[in-house]
Amino acid sequence: MESWSLLQISSLECFIAIVIKACDRTLIDTLLKNTLLQQSCLVASLVIAGLWSIKAGILPNLTVHILGMTTITLIFGWRFATLIATLALILLLIFSELGIEQLGVTAVANAFLPIAVSYLVFLASYQYLARHVFVYIFVCAFLSAALCAALHIGFMSALLLWQDAYPWQQIYDNYTILAALIWFPEATINGMVITLLIIYRPHWVKTFYDKDYLSQ
């Protein structure tokens with residue numbers, strides 16, 4: 001119980017620090033001056049909260065759900081993605097889908113880890129791979145989302161094992177092994193959304209640069 005309390009405190013401190021870092025003066029000024037951006041962030045947070053509240057699993061805490069954070073990160077960038085994830089977490093708290101003691105851990109696992117992975121994959125792709133529209137879709141959206149899903153389950157499996165929530169074999173049989181299944185729908189959903197957006201509304205995707213990706 002002591003280690004679990006320490007984990008809660010540490011993850012909550014991490015959550016607060018990252019939110020403060022992301023939501024700087026520039027972001028706040030930009031948000032206040034742009035009504036459309038405000039509405040977009042609110043709608044995105046509602047969608048993410050909905051995705052996170054739809055869970056499937058056999059045992060308590062051994063549940064899987066779509067993350068959706070790769071799409072949010074590619075559309076808004078990592079700072080606004082952090083803000084949107086925070087709003088989604090607040091909504092889950094309000095509607096009792098999430099306990100306050102779970103806030104920090106959930107933020108790290110569901111939001112900050114996928115945001116970091118998605119943005120780092122985008123930066124690496126932009127720097128080292130061909131700047132082609134199909135590379136952007138396949139690597140930055142599809143593969144990145146698949147990696148996020150697998151790492152999310154791996155992180156949560158390690159966390160549950162450290163907490164002694166269940167024996168390792170039970171965690172593996174009922175949760176960890178699901179990484180082999182959940183990565184494909186996660187990748188497909190994110191890949192399809194980004195594909196549709198860069199075809200019909202490329203200016204909505206902050207990380208998609210027409211002059212770089214469409215000129216190849």
Side-chain angles (χ1 to χ4, degrees), residues 1 3-20 22-23 31 38-73 75-76 78-118 145 148-166 170-171 174-179 181-190 193:
M1 184 66 183
S3 61
W4 170 236
S5 298
L6 177 62
L7 175 65
Q8 290 177 341
I9 295 171
S10 300
S11 58
L12 189 59
E13 289 175 346
C14 178
F15 167 66
I16 294 171
I18 293 175
V19 171
I20 292 174
C23 300
L31 189 63
Q38 295 172 19
Q39 296 171 349
S40 300
C41 288
L42 179 58
V43 171
S45 65
L46 288 170
V47 171
I48 293 301
L51 288 175
W52 291 355
S53 64
I54 302 173
K55 303 175 183 179
I58 300 173
L59 299 172
N61 297 323
L62 300 182
T63 57
V64 295
H65 58 79
I66 298 297
L67 296 170
M69 290 309 301
T70 297
T71 294
I72 299 298
T73 304
I75 293 175
F76 293 94
W78 76 269
R79 292 182 184 274
F80 277 103
T82 301
L83 174 63
I84 290 166
T86 302
L87 293 175
L89 289 167
I90 292 172
L91 288 171
L92 292 177
L93 282 173
I94 292 173
F95 291 100
S96 301
E97 292 289 335
L98 179 69
I100 187 66
E101 72 282 354
Q102 300 173 298
L103 180 61
V105 174
T106 303
V108 173
N110 286 12
F112 301 149
L113 177 62
I115 289 172
V117 171
S118 298
C148 287
L151 288 177
H152 170 76
I153 289 186
F155 175 81
M156 290 302 299
S157 297
L159 197 62
L160 290 166
L161 181 63
W162 183 54
Q163 296 172 9
D164 289 326
Y166 296 99
Q170 197 169 18
I171 294 173
N174 294 280
Y175 185 69
T176 309
I177 199 170
L178 296 179
L181 300 176
I182 194 64
W183 75 265
F184 186 73
E186 180 79 39
T188 301
I189 290 172
N190 284 270
V193 171

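Everything numeric in this text was worked out from a predicted model, so none of it was measured.
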Is it the case that the side chain of Asn190 and the backbone of Thr71 share a donor-acceptor pair, with hydrogens and angles ignored and the cut-off at 3.5 Å? yes
Using the test side-chain hydrogen bond (donor to acceptor under 3.5 Å, both in side chains), find all partners of Thr176 that sit at least two apart in sequence or belong to another chain. Ser157
Please report the shortest heavy-atom distance between Cys41 and Phe76, naming the atom on each side. SG-CE2, 4.3 Å
Those residues at least two apart in sequence (or on a different chain) that pass ring pair (Phe, Tyr, Trp, His ring centres under 6.0 Å) with Phe15 are Phe112
Could you tell me whether a side-chain N or O of Ser53 sits under 3.5 Å from a main-chain N or O of Gly50, the two making a donor and an acceptor? yes
Distance check, rounded to the nearest 0.5 Å: Ile9 atom CD1 versus Cys14 atom SG? 14.0 Å
Shortest non-hydrogen contact from Asn110 toward Met69: O-CG, 3.4 Å
For Thr73, give me all partners under side-chain hydrogen bond (donor to acceptor under 3.5 Å, both in side chains), at least two apart in sequence or on another chain. none
Do you know the tightest heavy-atom contact between His65 and Ile54? CB-O, 3.2 Å
From CD (Glu101) to OG1 (Thr106), nearest 0.5 Å: 9.0 Å
So, the side chain of Ser11 versus the backbone of Gln8: is there a donor-acceptor pair under 3.5 Å, distance only? yes
Ignoring hydrogens, what is the shortest heavy-atom contact between Ala150 and Ala179? Give both atom names and the distance. CA-CB, 4.5 Å
Quick one: side chain to side chain contact (heavy atoms under 4.5 Å, CB included) partners of Ile66, sequence neighbours excluded? Leu51, Ile182, Pro185, Glu186, Ile189
My understanding is that only one of Thr70, Leu67, Leu113, Ile72 makes a side chain to side chain contact (heavy atoms under 4.5 Å, CB included) with Ser118; could you say which? Thr70
With a cut-off of 3.5 Å and sequence neighbours excluded, list every side-chain donor-acceptor pair involving residues 78-96.
{"residue": "Arg79", "atom": "NH1", "partner": "Lys21", "partner atom": "O", "Å": "2.8"}
{"residue": "Arg79", "atom": "NH1", "partner": "Ala22", "partner atom": "O", "Å": "3.3"}
{"residue": "Arg79", "atom": "NH1", "partner": "Asp24", "partner atom": "OD2", "Å": "3.4"}
{"residue": "Thr82", "atom": "OG1", "partner": "Trp78", "partner atom": "O", "Å": "2.8"}
{"residue": "Thr86", "atom": "OG1", "partner": "Thr82", "partner atom": "O", "Å": "2.8"}

Pairing residues for Ala109 by the side chain to side chain contact (heavy atoms under 4.5 Å, CB included) criterion, not counting sequence neighbours: His152, Phe155, Met156
Between Glu13 and Ser10 (side chain of the first, backbone of the second, donor and acceptor by atom type, cut-off under 3.5 Å), is there such a pair? no
Val64 and Tyr175: side-chain contact (heavy atoms from CB on, under 4.5 Å), yes or no, with the steps? CA-CA 8 Å; Val64 295; Tyr175 185 69; 3.9 Å; yes
